[in-house]
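What follows is one structure encoded as structure tokens, with my remarks underneath.
Bear in mind the structure is a predicted one, so any value in this text is a computation, not a measurement. Both ligands and their constituent atoms are indexed starting at 1 by order of listing. Just so you know, these numbers use all the heavy atoms, side chains as well, and skip hydrogens, waters and symmetry mates.
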Amino acid sequence: MDRILSGIKPTGSLTLGNYIGALKHFKDFQDQGEVFIFIADLHALTLPIDPEVLRENSRDIACFYLASGLDPKKTTIFLQSQVPQHAELNAILQNYLYMGELKRMTQFKDKCSKMNDSAIGLGIFAYPSLMASDILLYDANKVPVGEDQVQHVELARDLVNRFNHRYGDILTLPKAEVTKIGKRIMSLSDPSKKMSKSDPKGDIFLKDDPAVIRKKIMSAKTDSGSEVSYDVENKPGISNLLTIYGAMKDISPEEAAKLFTNSRYGDFKKEVANAVLEELIPFQERYQKIKESGEYLSVLKEGAQKARDVASVILKKVQHAVGLLDE
Ligand code: TYM
């Protein structure tokens, strides 16, 4: 049976990129196997963050998970920090990753290339080690993520091969599951950049007011020319909007382009906004209800208990394999 695991870091308000690249798909795995979806709050500490903001973001993600259709009876939903085995496995596995590999990680380079070494925390550098531990702790073979996280999953695979070569068949080899449509949603203000939680201008936030979402889409940067066509190189802005439309309607951006061959940019954008709002408004309403009811609190509590039970099994195996005394 498949074991599926993924997580989202509560560093900022979630974006349409997080939704299309990851969140929206988690529920699709619920009938394929055992699903573990968590809030990566320890990862959120790798860059400075206000404690209250972190707590509020964590609550929000729990509610977003439930609003996206994750069913706590089928999916274990939990906070990373409430399962100490993540940190314990990390303490062991970090010894099987090397400085050279970590220095090559794109996310690390993007976040830290302009920072002075004396300002870069150890946690952000060692980030992929904790992320590998998150995955390997649950014997996950499938890891649904957006494109920007694939490199980290690949590193987790290298770690598994290295570890198993030395100690036997202990860890499960994970594979990134990347969505066909929307694995990399770009910024609306600069389609050469990824849409990210830290870019208020080019982002659509899942909590944005519908009127704001419409306005952001209507003023998204488009390209020269006037024809709606899918051409990532020459029409990155329009292609990004076609991808967003396609993700909402479950069709490829090429198919989406065919629907708008005779449309002007303005009319096309209106349709993109309609498609996004058709999906996000009911999602926001579900989120609001869940947040107000407080039901997510018991979900997290029960989820952490289940996660700890599963995680302690593989942790014990690893501890034994490397030679820690367990009698
Ligand atoms: P995070 O919180 O940055 O992003 C959560 C998920 O959203 C995807 N994503 C995108 N997809 C498409 N277009 C975009 N513009 C976009 N921006 C973000 C990400 O690829 C991700 O799937 N390191 C992870 C959290 C994590 C994790 C894990 C994930 C920690 N441990 C173990 C899987 C397994 C992160 O920072 O995601």
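No more than 12 heavy atoms of other residues, nucleotides or ligands sit less than 6.0 Å from atom CG of Leu122. Applying the 6.0 Å contact sphere to CG of Asp250 captures no more than 12 heavy atoms from other residues, nucleotides or ligands.
Each of the following atoms of ligand 1 lies closer than 4.0 Å to a heavy atom of Val143: 33 (C), 34 (C). Atoms of ligand 1 lying under 4.0 Å from at least one heavy atom of Lys183, given by number and element, are 11 (N), 12 (C), 13 (N). Near Lys194, the atoms of ligand 1 lying under 4.0 angstrom from a non-hydrogen atom of the residue are 15 (N). Taking every non-hydrogen atom of Gly182 and a distance limit under 4.0 Å, the qualifying atoms of ligand 1 come out as 12 (C). The contact set between ligand 1 and His43, taken as ligand atoms under 4.0 Å from a residue heavy atom, comprises 30 (C), 31 (N).
Of all the heavy atoms of Val145, the ones lying under 4.0 Å from any atom of ligand 1 are found in both the backbone and the side chain. Under 4.0 angstrom from ligand 1, there are no non-hydrogen atoms of Thr11. The side chain of Ile135, and not its backbone, has at least one atom closer than 4.0 Å to an atom of ligand 1 (non-hydrogen atoms only; side chain from C-beta on).
Residue His152 places no heavy atom under 4.0 Å from ligand 1. Ligand 1 lies nowhere less than 4.0 angstrom from a heavy atom belonging to Ile20.
Looking from atom 22 (O) of ligand 1 to the surrounding protein, the closest heavy atom is Gly146 N, 3.0 Å. Nearest protein heavy-atom contact of atom 4 (O) of ligand 1 is Asn18 ND2, 3.2 Å.
Taking the six-membered ring for Trp and the full ring otherwise, Phe78 and Tyr138 have centroids separated by under 6.0 Å.
Phe125 and Phe108 have perpendicular rings, their planes meeting at more than 60° on a 0 to 90° scale where under 30° would count as parallel.
Nearest heavy-atom pair, Asp223 versus Asn234, reported as atom, atom and distance to 0.1 Å: CB-O, 4.2 Å.
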